[in-house]
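Every value quoted in this text rests on a predicted model; they were computed, and no experiment measured them.
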Amino acid sequence: MRLLAIDMDGTCVYGRGHVSDKTIQALRKAAKAGIEIVPTTGRTVTCMPEKIKREPYIRYAVTSNGASVLDLKTKEKIYEAAVPFDIGNSLINEFAGQKFGISAHIHDEYIVQGKALKAMGSMIYGKDSKNSITVTSLSDYLKEEKPDFEELQFYFSPFAGKEKARSILSKYADADIDSAFGNVYVEVFSESATKGKGLSSLAAFLKVAPSDIACIGDGENDLSMFRTAGMKFAMGNAVEELKSHADYILPSNREDGVAHAIEKYLL
């Protein structure tokens, strides 16, 4: 294998942003053996786990669920699939009018509207959330530059709001966007943004054949990269659908499953 694509949350990461020393040591061994280690994550570059981001062999990253592929050294954008500003800003204004929490991925930064949402992110992601940017009004913050969006998130109560979010999004059925619902939020992104497309673009750039790619993940958003890779690992804590498409099932993220994959199968 020449390239290892690794998901972050639920795979390398557990708890509030914790990455074990054993996982880091295994990644270093793989890099020393000539394997390109590529974080492939729903996070932005700025909010990637610091413990991984500061490793010197981490050169490329697939972020925002495939909407951005970046050379971290040169800052060259290898692939980008964005929601156009006009559509994203219209969504922001509609969701803001319905009192939803709002955040966005823009230029590989994580922008959060309001201190309450920032505090919630800190509770979930720990110190990795410190690099997010907090603004009072996202729409006001963006009105001069008018950037496109790698991703938008709209947060609702677990007891209400999901159907209201579906109703708003139904108005954009003809736009080239897609969405994915969680228990308390919906992510909105370009139809061309998947981890698989981002990983395929990076592999073509590096001239790495699909058969020489290994990947490790735990969630449904990792299915697209499974279709791209020649060797597929699902964490022990992964969703059942991902496990059904895996070549190997690993121990969980709390049991150093990534290190197990590297040491037993890749080295």
Is [Y] reachable from [X] through a run of I, L, V, M, F, W or Y residues, each pair having side-chain heavy atoms under 4.5 Å apart?
X	Y	value
Leu266	Ile52	yes
Met231	Leu199	no
Leu152	Tyr141	yes
Ile37	Met8	yes

task: For side-chain contact (heavy atoms from CB on, under 4.5 Å), just list the numbers for Asp218 and Asp7, CA-CA rounded to whole Å, side-chain angles, deciding distance to a tenth of an Å, and then say yes or no.
output: CA-CA 8 Å; Asp218 74 301; Asp7 173 54; 2.7 Å; yes

Over all heavy atoms of both residues, which pair between [X] and [Y] is shortest? Give the atoms and the distance, please.
X	Y	result
Phe156	Asn183	CE1-O, 3.4 Å
Thr228	Pro210	O-CB, 3.4 Å
Asn253	Gly10	CB-O, 3.3 Å
Ala234	Phe226	N-CZ, 4.1 Å
Lys77	Ser68	NZ-OG, 2.7 Å
Met235	Val258	CE-N, 4.1 Å

Within 6.0 Å of CZ in Phe85, more than 12 heavy atoms from elsewhere: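 Yes, CZ of Phe85 has more than 12 neighbouring heavy atoms, counting only those of other groups under 6.0 Å.
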
- request: Any chance you could lay out the side-chain contact (heavy atoms from CB on, under 4.5 Å) test for Leu169 and Phe181, step after step, and finish with the verdict?
  value: CA-CA 11 Å; Leu169 289 171; Phe181 278 83; 4.1 Å; yes

If we count only N and O atoms by modelled type, under 3.5 Å, do the side chains of [X] and [Y] hold a donor and an acceptor together?
X	Y	answer
Ser139	Asn89	yes
Ser224	Lys197	no
Tyr110	Thr46	no

Lys75 with Asp108: basic N within carboxylate O range, under 4.0 Å: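 Result for this pair is no, no salt bridge flagged.
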
field: N-O pairing of Arg28 and Glu55 below 4.0 Å
entry: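 Glu55 and Arg28: salt-bridged.
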
task: Look up atom NE2 in His260 and atom OG in Ser252, then write down how far apart they are to the nearest 0.5 Å.
output: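 If we round to the nearest 0.5 Å, His260:NE2 and Ser252:OG are 11.5 Å apart.
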
Are the side chains of [X] and [Y] in touch, meaning some heavy atoms are under 4.5 Å apart?
X	Y	answer
Leu27	Ile6	yes
Lys99	Lys164	no
Leu223	Thr194	no
Phe149	Ile177	no
Lys232	Cys215	yes
Val19	Val13	yes
Phe95	Gln113	no
Glu76	Phe205	yes

message: Parallel, tilted or perpendicular: which one describes the rings of Tyr155 and Tyr185, with boundaries at 30° and 60°?
response: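 Tilted: the ring planes of Tyr155 and Tyr185 meet at 30° to 60°.
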
N/O donor-acceptor pair under 3.5 Å between [X] side chain and [Y] backbone:
X	Y	result
Asn221	Lys195	no
Arg59	Glu36	no
Glu150	His107	yes
Asp71	Thr74	yes
Thr40	Val38	yes
Ser137	Asp140	yes
His245	Glu241	yes
Ser200	Gly196	yes
Ser90	Asp86	no

CA sep, side-chain torsions, deciding dist, call: Gln25, Glu263, side-chain contact (heavy atoms from CB on, under 4.5 Å): CA-CA 10 Å; Gln25 291 300 324; Glu263 293 166 357; over 6 Å; no

Intermediate values then yes/no, ring-ring contact (aromatic ring centres under 6.0 Å, His included), Phe100 and Phe154: CA-CA 6 Å; Phe100 283 74; Phe154 303 103; 7.2 Å; no

Derivation of the side-chain contact (heavy atoms from CB on, under 4.5 Å) call for Val62 and Val69: CA-CA 5 Å; Val62 177; Val69 181; 4.1 Å; yes

